[in-house]
Every structure is written in structure tokens, then in C-alpha cells.
Amino acid sequence: MKLFSFLAVATLLFSCSPKIKAIKTDTANSSIKTGAEQTELYLPLLKGKRVAILANQTSIIGKTHLVDSLQKLGVNIVKVFGPEHGFRGNASAGAQISDAVDERTGIPIISLYGKKNKPSNEDLQDVDILIYDLQDVGVRFYTNINALARLMEACEANKKPLLILDRPNPNGYLIDGPVLDMKYKSGIGMFPIPMSHGLTVGEFAQMVNGEGWLTNKVKADIKIIPVANYTHDMPYTLPVPPSPNLNTQQAILLYPSVCMFEGVYVNHGRGTYNPFTVLGSPAYKGIYSFSFTPKSIKGMAESPIFMDEVCYGIDLRNYDTELLRKSKKINFSWIKELYKAHPQKEKFFESKFSNQMNNIEIQIGRGDFRQQIIDDVPIETIRAGWEPGLKAYKKMRLKYVLYP
């Protein structure tokens with residue numbers, strides 16, 4: 001597999017269409033220092049050690065990749081582990097990724113999104129300490145937290161310490177949605193947390209350890225370098241797209257509300273340069289005036305739902321995401337609206353119509369949501385059913401938070 005430098009990947013993503021927008025760093029970010037940026041706190045822990053890193057294109061210090069930065073500082077990086085989307089972030093969602101050698105540094109890259117999902121005992125034989133540095137977006141079905149948990153298990157099994165370089169959660173203000181019913185545990189929902197969990201990865205690691213959620217309730221040896229000058233309510237604009245289909249800040253902020261459409265027979269922008277900001281289907285022709293046509297886009301969506309068909313629906317590219325921040329709630333009105341408007345309601349939740357769909361129960365994490373939408377149950381009533389679990393989670397969460 002040919003690997004590109006981050007700059008090449010960024011150029012590829014942002015030159016494909018005039019519609020796509022690079023994520024611009026907010027001035028409010030200037031006071032924040034990520035864990036990775038505070039090298040003075042963790043370089044002493046790496047001195048004389050053989051280091052392995054789980055990283056992707058978001059693992060940066062300033063504008064330079066963490067791996068490149070640490071190499072220049074004399075850190076002995078013996079291997080890099082790559083998550084979903086790959087080490088340099090240029091693989092599509094769900095695409096199998098092979099092991100490789102990074103052309104820029106010559107460091108072996110071992111894929112954790114291909115034949116295996118966590119390091120083997122053999123992988124860790126020549127490693128003294130591991131580093132985790134991936135940008136998360138605070139949503140249960142974003143797989144970086146699952147990669148972290150599996151890495152923690154591998155570290156514990158091999159008695160290796162894990163250094164977690166924490167990063168802000170751009171949706172850190174939001175704790176909402178049903179807590180996962182473990183009956184629906186899957187690759188996009190492994191732990192009993194809400195759809196939007198309100199944690200950084202460092203806080204999540206503490207919770208996983210403290211609640212005994214790792215296999216056999218083991219506890220990994222972790223050390224966290226916290227984010228400086230950060231609070232959960234603080235707006236944070238990501239300097240690098242965390243994955244190919246979260247390519248704008250608008251998409252990142254809408255993601256908690258729009259990703260549920262992966263369990264619905266509606267295109268949510270995959271196959272466009274506006275993923276997670278537009279919603280539509282050919283079935284809505286004559287109902288909605290806004291339209292878009294999903295195409296095959298290498299590195300983003302090779303075979304999107306309704307490929308090459310004109311989809312009609314809702315345009316959220318200019319939606320005021322401050323409304324979400326003020327409400328501190330996921331927006332469920334769009335899924336209710338599109339179900340009501342769909343002329344073939346029997347297809348709306350039927351995953352057999354597309355291999356690009358998840359089962360809605362797996363996506364939401366509860367077994368009653370499908371019927372509630374079908375029956376037009378008021379969202380306040382639906383929320384009332386989640387409240388006991390959500391209330392208990394919020395109380396438990398306080399034991400593990402690192403930030404106000």
C-alpha cells in the first residue's frame with residue numbers, strides 16, 4: 001500500500017472540489033495545549049526506551065506529525081500502529097488496511113484495521129512503552145475509543161506501560177443519547193456509554209480501567225498527559241480532519257446528530273464533499289427542493305448509498321451549530337421529519353436494501369427506537385426512557401473527569 005505524507009493527503013482531500021473546506025483553527029484554540037505539545041512532560045519517560053505509537057494524521061505537534069517530531073527529538077520509535085483510515089488518514093471508512101513501511105520515516109506500520117484489531121504479543125516483544133495519540137470526536141460510534149481499549153488490553157497482557165497524550169473533545173459539552181444496551185454491543189458500540197459521552201480519550205481510559213470494562217476486568221498501566229487550559233464546554237476547532245468523512249468543523253459538530261442516519265435508508269452525504277452535512281434520498285423527489293448526487297470518491301466513499309442518483313432532502317451545511325451547544329442535546333428532529341416525509345416507510349429502517357446501512361438498533365444502542373419513530377412518539381417521551389441510564393452515567397462519569 002502506498003502511503004502519502006500528511007500534506008499530500010490534505011492536498012488530495014481539499015483539492016478535489018471547491019465545495020470542501022479546510023478546517024480552520026479557531027482563535028479560542030490558542031490557549032489550549034494538547035498533551036502531545038507538552039513534550040517537556042513526557043520526553044523523560046521515553047528516554048532510552050523502544051517506543052511504539054498508535055497514531056494517525058491528527059497526531060501532530062503544531063503542524064508536524066508526532067512521529068516526525070519525536071524522531072527529530074531523538075526518540076527511538078520502533079513501530080507505528082495504524083487505526084481505521086490508516087496511519088496517514090487516507091483510507092475509507094471500513095476499508096481493510098495492510099501492514100506497510102512509512103515512506104517518510106522508514107518505520108514499520110502495523111495495521112490494527114485489517115487482519116487484527118490490536119497488537120499481538122509478538123508485536124510488543126521489542127517495545128518498552130506505547131503511546132496513544134488519536135483525535136476523538138466524543139461519539140460512541142467513532143472507533144478511536146475502541147482502538148484505545150484494545151490497546152490497553154494488549155499493554156496489560158504484555159505488562160507494557162501506555163502513555164496517553166490527551167486531546168480536546170470538540171463535542172465535549174454534549175452528554176446525550178441512550179446509554180448502549182449491551183445486547184446491541186458491536187464494533188461501533190463496545191461500552192455502556194451514551195451516544196455522545198462527553199469525555200476526552202484520557203478520561204475514557206480512566207473510566208474503562210475504573211469500571212472494569214476491559215476483558216477479564218484487567219486494568220492497564222496508563223499515564224495521561226492532560227490538555228492544558230481546557231474545559232469541556234470550551235469550543236474547539238480541530239486543526240486536522242479526524243477522518244476523511246469528517247472533513248469540516250460543521251460535519252464534526254453535526255456528527256452526533258447525523259451519524260444515526262447510517263442506520264437509515266438515506267444518504268447522509270457520503271459520496272459528496274459534504275459528508276454529515278446533507279441528508280437525502282431519490283424517494284424525496286417532489287418533497288424537498290434541495291438535491292445532491294453521491295459519487296464514488298476514492299479515500300472517502302467508493303460505493304455510497306444511492307451512488308449516481310439524484311437525492312433530495314435537507315441541507316445542513318449552514319445550520320447554526322450553536323443551537324446544539326445551547327440545547328446540549330442531540331437533534332432527533334431530522335430523523336423524525338425524514339421518516340414522516342418518506343413515501344416508502346417500510347424501507348426507511350430496512351438494512352437489507354443497502355450494504356452501506358447498519359441496523360438502527362446497533363446504531364442507536366436500544367431496541368425500541370425504531371418503533372418509537374414509526375409510532376411518532378414525541379421525542380420528550382423517547383428521552384424519558386433514556387433518562388435513568390443517562391443520569392446514572394453522568395454521575396459515574398464525574399469520577400473520571402480531568403477537566404471542568
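These numbers come from the heavy atoms of this one structure, side chains and all, not from hydrogens, waters or symmetry mates.
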Can you list the residues that meet the side chain to side chain contact (heavy atoms under 4.5 Å, CB included) rule with [X], with sequence neighbours excluded?
| X | result |
| --- | --- |
| L180 | R140, M182, Y184 |
| T64 | D68, S69 |
| K285 | Y312 |
| D320 | E322, L323 |

Who pairs with Y403 by ring pair (Phe, Tyr, Trp, His ring centres under 6.0 Å), at least two apart in sequence or on another chain?
Y230, H232
Report the residues that fulfil salt bridge (charged side-chain N to carboxylate O under 4.0 Å, His left out) with [X], sequence neighbours left out, ordered by chain and then residue number.
| X | result |
| --- | --- |
| E153 | K118 |
| D368 | R366 |
| K340 | D376 |
| K219 | none |

Kindly confirm or rule out a cation-pi arrangement of K347 over Y265, judged by NZ or CZ under 6.0 Å from the six-membered ring centre and within 45° of its axis?
no
Does any pair with a residue in residues 185-198 pass side-chain hydrogen bond (donor to acceptor under 3.5 Å, both in side chains), and if so which ones, sequence neighbours excluded?
none
Only pairs at least two apart or in different chains count here, so list each salt bridge (Lys or Arg N to Asp or Glu O under 4.0 Å) that has a residue in residues 232-253.
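Qualifying pairs, neighbours excluded: D233-K328.
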What pairs of residues pass the ring pair (Phe, Tyr, Trp, His ring centres under 6.0 Å) test when at least one of them lies in residues 359-385, not counting sequence neighbours?
F332-F369
Return yes if a side-chain donor-acceptor contact under 3.5 Å exists between D102 and T105, otherwise no.
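Judged by distance alone, the side chains do pair up.
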